[in-house]
Structures are given as structure tokens and as C-alpha cells.
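Per chain, numbering begins at 1; letters A, B, ... match sequence-line order.
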Amino acid sequence: MSYSFKEIEEKWQKIWHDKKIFSVQPDQERKKYYLLEMFQYPSGKIHMGHVRNYTIGDVAARFKLMQGFQVMHPMGFDAFGQPAENAAIKNNTKPDIWTHKCIDWMKAELKRMGFSYDWGREVSTCDSDYYKWNQWIFLKMYERGLAYKKGSDVNWCSSCETTLANEEVIEGGCWRCKTKVEQKDLEQWYLKITDYKERLLEDLNQLGDWPERVISMQNNWIGKSSGVEIYFKLKDLATVIPVFTTRADTIFGATYIVLAPEHPQVLDLIKGRLQEKEALKFIEKVSKETKVVRTSSDVKKEGVFTGSYAVNPVNNETIPIWIADYVLMEYGTGAIMAVPTHDQRDFLFAKEHELPMRIVIQTIDHRPTTIEAMIEAFEDDGIQVNSAQFDGFTNQEAKIKIAEWMEQTKIGKIQTHWRLRDWLISRQRYWGTPIPIIYCSKCGIVPVPYAQLPVELPKDAPITGEGGSPLGKVKEFVEVKCPKCIGSARRETDTMATFFDSSWYFLRFCSPKLDNAPFNVLDAKYWMPVDQYIGGIEHAILHLLYSRFFTKFFQDLGMIDFKEPFKRLLTQGMVLKDGEVMSKSRGNIVDPDSIIKNYGADTLRLFILFAAPPETELEWDDRGIEGANKFLNRVWRVQENLLPKADDVLLRTMHRVIKKVSVDYAEFKFNTAIASLMELTNAIYQSGADKEVFANLVLMISPIAPHFAEELWQILGNKESICKAKWPEFDPKMLVEDVITIVVQVNGKLRTKLDVPADIAQDKLKELVLSEERLKPWIEGKSIRNFVIVPKKLVNIVV
RNA sequence: GGGCAAGUGGUGGAAUGGCAUACACGAAGGACUUAAAAUCCUUUGGCCGUAAGGCCGUGAGGGUUCAACUCCCUCCUUGCCCACCA
């Protein structure tokens, strides 16, 4: 007989909802625990990835609740974004209506999973109560010069008809649709995240409980590199070309310099030279290439001579100036010193164009190398040669000495360069937060006054998918009076990137209904930072970097007093089917709803936690689902045969399991926690359980299979919800064994095991071991060289 | 090209210096049943052996150690991130 999951799950979901079991308010007397899973985009259906993410979080939240914490576990919807526009066109409806319908569907699905959310805190970013505060934050940033508008080359996705942030360009394509990203010259709004680069880098040190690879990915993205900016004088002009290098140790080997084709000084350098025509043609050609083509490393490096010469400041050598496509204007100074002997790109370029080379670093053993013998650049560490007073130093020493020397002699300047760029937030789309800016022909850029917020998104803009900001077509929206001069003016028609919305929602959850500020300072003081954040690795840079930036901004506004928003981060692995990511296009989706229907939410929750540890990829297995269901039924049957008193062996097992499960839950090792619960259940099947043992088993299962446990809890005669029952404690006395098993090894190989009293003296143990009959063949007639005793565990005889 | 992570039975996985393969799936056998399902019990890394037992075994090779899946070095494979970044 199996338990009737359908009835039980519906029953308890209703009771939890009616009694507002998971509703929570700050309580200064109790310790808080803020558990947050990344909120979701309301696509209409939850998939297994959501189920996994939210189940992991739910078990942790329920566990903490039973341990007496004041647990905040909220959920909301990241509801703005382009898919709603596309869906609206396809289904002939409006993004607003579509999105709200999707939210309702998804909420119903989440409720069927039995998640312990405080639905009283729900927020949707597409509601004006929420996006009003996006606009407020934007204006605060504008006031501080952190939001600014500039014209420049931007990433453009022709399929999505909008601009993209650097973080949204993945392998040269749009993160959403993979369309190759083009470059376009546009006036756009940016956030000055680069003002925070040092802090964003520095404070990564505080994130000890984040996965190391997320830290290193952010590190990489911020991309700090230290080096020297070196000033190369032109041979016959009074100007100077600055170049940036991280390899100051190779300066004596710099035999030419190379500028990016779009470098502002290039036109002056080629003017009137023989090479002018050819150079102009080359610049023209490169300008037409997309960034993707130009930066793919397998393309041959092309370039032309400018006809001009510079002087290497360390040895006064005259060296030619080239332009080449492999030098990029947006990094460093847009110009490099080329050291073909010690940089592979320069090496290839020099070979191609027959440019001079000089070796300035040799291998540690001073093995001579000739330029003729070189088939590739020597990029490893070594000893300086041909470097004047720096000869003989290791190149690492020389790097520092040369940099200092150049700074003293004003040849160069020690500098740091960063990869991180400002964040482009303008999107030429409808379904997003309107940027609260007005353009007046007299007054210029005028921010919308705070009192006029929110700038409401019109509900009925014409969405055709044909490009151009749809808001531009809504006359009533665009045409406004200038707040300064009351003259006629025009609204900004771009909306904000949706990553703006999700960069601070965790703060909004602290005071979701507040109408005079984005969040209440005292509420945030109580709840923040998030104790445990859970989400997918795909946000390792984008969302997590932006959220860290916003948090630091709020800190600067004096609204919060901590540096980092998420204390601990867990990135859950993906759910696979047949070794591939579940996706619509692959047609290998397993629908959570059908599993709930056939086996119940508790079974689904149990399976998804048991099949793999949270961080690793999880291979979907239909038979595993049945196994999980079987286990619940096995536990269910225990209640039918409870004994008046359990035996001592079982009690010991129970205490051991309580200890193990408590530790495992705290460390998110749900798969081994479940294994222990199975062991306890198997032990119960061997000897029979009494009410106390069974109650503890039910309590420990409850975070994973809450409806199931709640029902059994009630059958056991409890009146209160198991959700708020006290987590069982183990008795350390019950873990102490009188007799222990000692492993006996000879030369590190297991030979036998001995049961001995736990408090046996070492010499007594030795005596016992040596008299053991079964060891005779291994030790007889051999001299014992060593006798290692690991207390209470093992002895190893070395012969 | 650089960085990081991983590699364990037929399968998912456990063990982070001390009994390799916990727990589960699958498979085989048994009990119950007219039969099946469900349930319960037993066996289940490979090789040799009737057995007792032995030998081998955590991607490959080397090292440290009384003892290595675990630590160190070299290599292979897979996955992820970054990348003409100067």
C-alpha cells in the first residue's frame, strides 16, 4: 500500500497558506537567517532547474526554521524583459497581461512544490511600485555622476534590435539569441561601475564562502593588470606616443611600436609619407571588420608601416612605427611596444614583415639562443641580457627595477589597467523600466523630479518587433513639459537593462511594500546581508557583479553598513537528461508537473536532492524517481508496527544519524543526509522502532518531504505544524561505544580486524594484536620495525 | 594560449591521510501469491579458488608516508571561464 500523496500535499499546502506559517517579521530577540534563491523570469512554466534550485533552498530554510532561526525566505519575479514582448506578439496580447498570467501560473506551480515562501513579500519588477525605485536609484546615480550618457561604439544585436552590455556578449554573440554582435555608434546611458573597480576586486577577499571559480571569474572580468606606461618620442615631431606594457623587463628588446588603426595619432603619422595611401586603405579595411573577426586569434596578423619613426627611450634607438589589426584601441593606450623575441604575437608579425629582433631574456642556465634558431617567442622567465645595467638580474627582478628606474627618469609611469568597462544600460525595448530623463532643447538633459516618479510605462505601446524603441511611438509618453523651463520637451524612450532590476531586489524583500524609499534602513539592517544565496553559475559575472556594485552604491548613500550583499553563495549544477542539458530545442524536457502528478512533490524533492550533491550536474533518472517514492512508502509503513520500546542498538544508530544529518544539512550535503536516513530506516526494519525513534526520523525527513512528514507528525498525535517543531538533538553519551573495531594492517595492507574494549591501553592492544592467530603467516619469523597505533581506529605493523 | 574544476563498480554517487565502493538504481536468487504487481530477505568491483583465503583495483606514470581516491610532480581526457588584454 502506498501513501496518498495527492490528498496529503493539497491538504497541507492549504493549511500552510491559511495559517501563514512562513510569514515572518524582524524579531530582535532571535537570530535571523535570510535565505534567497535567485528569483525567476516568469516564462510560464517551471523547469527542473528551478525545481532543483528552489528545493535546495527550501530544505535549508526549513532546517533553519526548525533550529529556531527567524527565517526570511521570499520569492518574486524578474518580470521585465524581451521574451514577454515576443510572446505578446505571438499570442496577440500585451506584455503586461502576458506576464501577469505567467506569474499566476508559476506561482501555482511553486505552491504545488510545497516551498516555504513568505508570499507576503512577493515582488514583481514590472510593477510600478517596484520600478519606481529603479528610477529613484538611477537618479541618485545621475546626481553623483555615476549615470551618464555618451556616444560610442556599442554592442548591437540585430535580432533583438537592441544594445548589449559587455557582460551580455558571450563568445562574440548575444547572450540571449547567440546572434553575432555588431558595432554601432550610438548615444547611450552608462553606469560608472568602473568607479567601483578597486572595491569590487578588493572585497572579493571577503567572500570566503563563495565558490572559488566564481571569485576567479569575477577577478578575471575586472581584469586588473599592473605595468608601465612608457613614453616614446617621435623622431622628428615633438609629440609623444604612450604605450602600456606589463613586461617592462623586455623594453630593451622593443624593436618597433604598433598602433591600433583607429588610434587618434595615426593620421598625423602617415600624413605626407610615401606609405600614406596604403595605410589609409588598410585603416578603411580594418574599420569594416567586425570585432569578432578581428579578435579571433587564428587570423593572420596584418599591418602596414606608417613611414614614421620613434625613439626607444631606454637606448635611444630609432624604431619604426606600424599600425596593425591585432592592436585594440579599447585596451591600454591603443599602442604597444613590440618585443618579437618575447611575445608570440609580435614574433609572428615581425617574421611576416621582416622586422628586427633582439633577445633580452635568456633561459636560467644561460643557454645561448640565436634569433635565427628561434621558432617561437621565449615567453618564460629567465635572465636579462642586452639590457644595459639590468643584465644578470632575473627578469622578474628586472621588471620591478626597470619600472622604478623609468618612473624616476620620467621615461614612463607605473600604471594599472583594467578590463572592466562601464555598464551600458540603455535598451531599445518596450518591456522595461523607463529611464527617468527628459530632453529639453533649452535646458538639455533634465532628470525627472523625484516627486514625479514613477515614470509609468504606458500599457498600450505598439509592439511590432520591427525595431526602434516602441515608446517613441507613444505620443502622450514622449511629449512632456520640461520640469525646469516648462517648455515642450521629449522623454527618453529607451528602457533600462533588466539586470538593473535584479541588482537590488534582495534589499526590496526586506520591506516590499514600503512607498517612501526603496527599502527601510532598519529592516535591511536586521535582515541583510543574505546569509545564503543559491542560483545558477550562469550569473557568476553578470548579476552577481552588478548586485555587488549596487550594494556598494547603497553603502555610499549611507543606507546600509556592509560591503557585500551575499555572505554565502551556492551555485547549483544543471539538470541533464541523457548527458545533455534539458532544453526545449533538444526535446528532452521532463516536466515537473507530470512528476508531481504521478509521484507527488515530496518524491520529486527527495529524488532531486538524493541523485547528486547540489553543486554537481544531475543526471535525470526515471528509475531514481521510483526509488525515492519507494523510500517514502517504506518510511510510511513503519508507523503501522511501532514497538513500545526500541532496543539499545537502534537508539545508538538514531543518535549517530541525528548527528550526521544535522551536520550534512548545515553543509548542504543532502545526498549523504538522505543516505543516513535510509540507513536508519533499514535499521528500523531490522529491529523495530518505538514512537520516539520514529518521530525523530519524521522530523529529520520533514525539510525534504514536508507534506509527508506533516501528515505523519499529525498521526503521531502532534497538534502543531512540524515546520516549527524543534530539530532533534543527539545525546553524545549515546555515541560512545564500549567495544570498538580495530583495523589491523601489516605493511599497510588490511589483514584482520579485532573487537576490543574502547578504553584498552596501548601496550595491552599491542600484546593482543601480536598474539592474534590470523596474523601469524604475515609476521612470524620477521622482525617488527615499527608498530603504528592510531587510537580507536587502526594498528599497522611494519615488518 | 592562460586559469579553474573534475576523472572511483553496469549506473547515480560515498569516503579529503587510516577498512575503497556507504546509500540508492540496475541485475541475479529466494519468500509471499493460483499468477503478477507490490512487499520482505539474500547476493552483487575484477581475477584465481569447492572453500578458507589470496592477488589486482579509484584516468596514466612517478614521488612523499608506517599508510595515498585523498598530499606533491609530470602527462592524458572531459567540462567551464577568460583570451590578439600588450
Suppose we define a pair by two distances each less than 3.5 Å, Watson-Crick or G-U wobble; what does B:rG18 pair with here?
B:rC66
In whole Å, what separates the P atom of B:rC4 from that of B:rC71?
15 Å
Rounded to whole angstrom, note down the C1' distance from B:rU39 over to B:rG49.
37 Å
Return the value, rounded to whole Å, for the distance between atom CD1 of A:Ile740 and atom C1' of B:rG18.
13 Å
Suppose we call two aromatic rings close when their centres sit under 6.0 Å apart. Are A:Trp423 and A:Phe499 close by that rule?
no
In whole angstroms, the gap separating P of B:rA86 from CG of A:Asp325 amounts to 18 Å
Nearest-nucleotide pick for A:Tyr326, side chain only, options being B:rC84, B:rA86, B:rC55:
B:rC84
Sub-6.0 Å ring centroid separation between A:Phe607 and A:Trp620
yes
Which residue, A:Lys753 or A:Ile797, contacts RNA chain B at a nucleotide closer to its 5' end, judged by nearest heavy atom?
A:Lys753
Hey, is B:rG9 sitting syn or anti, using the within-90° cutoff around 0?
syn
Quickly work out the A:Asn219 CG to B:rA5 P distance and round it to whole Å.
14 Å
Interatomic distance at P, B:rU8 relative to B:rC56, whole Å
22 Å
Per atom distances to the A:Trp221 side chain, the nearest of B:rA83, B:rC66, B:rC84 is B:rA83
Roughly how many Å is it from OH in A:Tyr3 to P in B:rA38, rounded to a whole number?
17 Å
Under 3.5 Å on both distances, the Watson-Crick or G-U partner of B:rA27:
B:rU43
Return yes if a side-chain donor-acceptor contact under 3.5 Å exists between A:Asp346 and A:Tyr326, otherwise no.
yes
Beyond-backbone contact of A:Asn633 with A:Tyr3, side-chain heavy atoms, under 4.5 angstrom:
yes
A cation-pi test, strictly: NZ or CZ of A:Arg634 under 6.0 Å from the centre of the six-membered ring of A:Tyr685 and no more than 45 degrees from its axis. Yes or no?
yes
Tell me the partner of B:rU77, counting only Watson-Crick (N1-N3 plus N6-O4 or O6-N4) or G-U wobble (N1-O2 and O6-N3) with both under 3.5 Å; none if nothing fits.
B:rA6
With rounding to whole Å, what would you report as the distance between B:rC76 and B:rG61 at their P atoms?
15 Å
Between B:rA36 and B:rG30, how far apart are the two P atoms, rounded to whole Å?
11 Å
I need the full list of salt bridge (charged side-chain N to carboxylate O under 4.0 Å, His left out) pairs touching residues 211-225 of chain A, with sequence neighbours left out, sorted by first then second residue.
none
For B:rU33, the Watson-Crick or wobble counterpart (both distances under 3.5 Å)
none
Taking the six-membered ring of A:Trp210 as reference, does the cationic atom of A:Arg568 (NZ for Lys, CZ for Arg) lie under 6.0 Å from its centre and within 45° of its axis?
no
Between NZ of A:Lys669 and P of B:rG13 the distance, given in whole Å, is 16 Å
Rounded to whole angstrom, note down the C1' distance from B:rC19 over to B:rG10.
24 Å
Give the nucleotide from the list B:rC4, B:rC85, B:rC19 with an atom nearest to the side chain of A:Tyr331.
B:rC85
Would you indicate which nucleotide in B:rC56, B:rA14, B:rU42 comes nearest to any side-chain atom of A:Pro613?
B:rA14
Once you apply the 3.5 Å cut-off to both distances, tell me the Watson-Crick or G-U wobble partner of B:rA38, or none.
none
What side-chain donor-acceptor pairs closer than 3.5 Å can you find for residues 570-577 of chain A, not counting sequence neighbours?
none

Would you say the ring centers of A:Phe610 and A:Phe670 fall short of 6.0 Å from each other?
no
Considering only side-chain heavy atoms of A:Val790, which listed nucleotide, B:rG18, B:rC66, B:rC19, is closest?
B:rG18
Kindly write out the residues that satisfy side-chain contact (heavy atoms from CB on, under 4.5 Å) with A:Val663, not counting sequence neighbours, or none if the list is empty.
A:Glu667
Summarise protein proximity over nucleotides 20-27 of chain B in one line of letters, 5' to 3': B for base, S for sugar-phosphate only, - for none, counting protein heavy atoms closer than 4.0 Å.
--BBSSS-
Is A:Arg213 close enough to B:rA6 that one of its side-chain N or O atoms is under 4.0 Å from OP1 or OP2 there?
no
If you check the A:Arg419 side chain, which of B:rC82, B:rA86, B:rC56 turns out closest?
B:rC82
Counting only non-hydrogen atoms, which of residues 652-663 of chain A are less than 4.0 Å from RNA chain B?
none
Compare the minimum distances between each of B:rC81, B:rA86, B:rC56 and the side chain of A:Ile541, then state the nucleotide with the smallest one.
B:rC81
Give one of base, sugar-phosphate or nothing for A:Arg421, where a contact means two heavy atoms less than 4.0 Å apart.
nothing
Both A:Ser216 and A:Thr333 contact RNA chain B. Which one's nearest nucleotide lies toward the 5' end?
A:Ser216
Any residue meeting side-chain contact (heavy atoms from CB on, under 4.5 Å) with A:Ser225, in chain and number order, not counting sequence neighbours:
A:Phe244, A:Thr246, A:Tyr331, A:His417
Ring centroid separation A:Phe349 to A:Phe347 under 6.0 Å:
no
Distance-only donor-acceptor test, A:Asn796 side-chain atoms vs B:rC66 base atoms, 3.5 Å
yes
How close or far is atom C1' of B:rC80 from atom CD of A:Glu212, stated in whole angstroms?
14 Å
Nucleotide B:rU39, atom C1' - distance to CD of A:Glu640 in whole Å
11 Å
Please state the C1' separation for the pair B:rA24 and B:rG9 - nearest whole angstrom.
14 Å
Rounded to the nearest angstrom, tell me the gap between atom CE in A:Met217 and atom C1' in B:rC82.
9 Å
When the P atoms of B:rU78 and B:rA68 are compared, how many Å lie between them, rounded to an integer?
30 Å
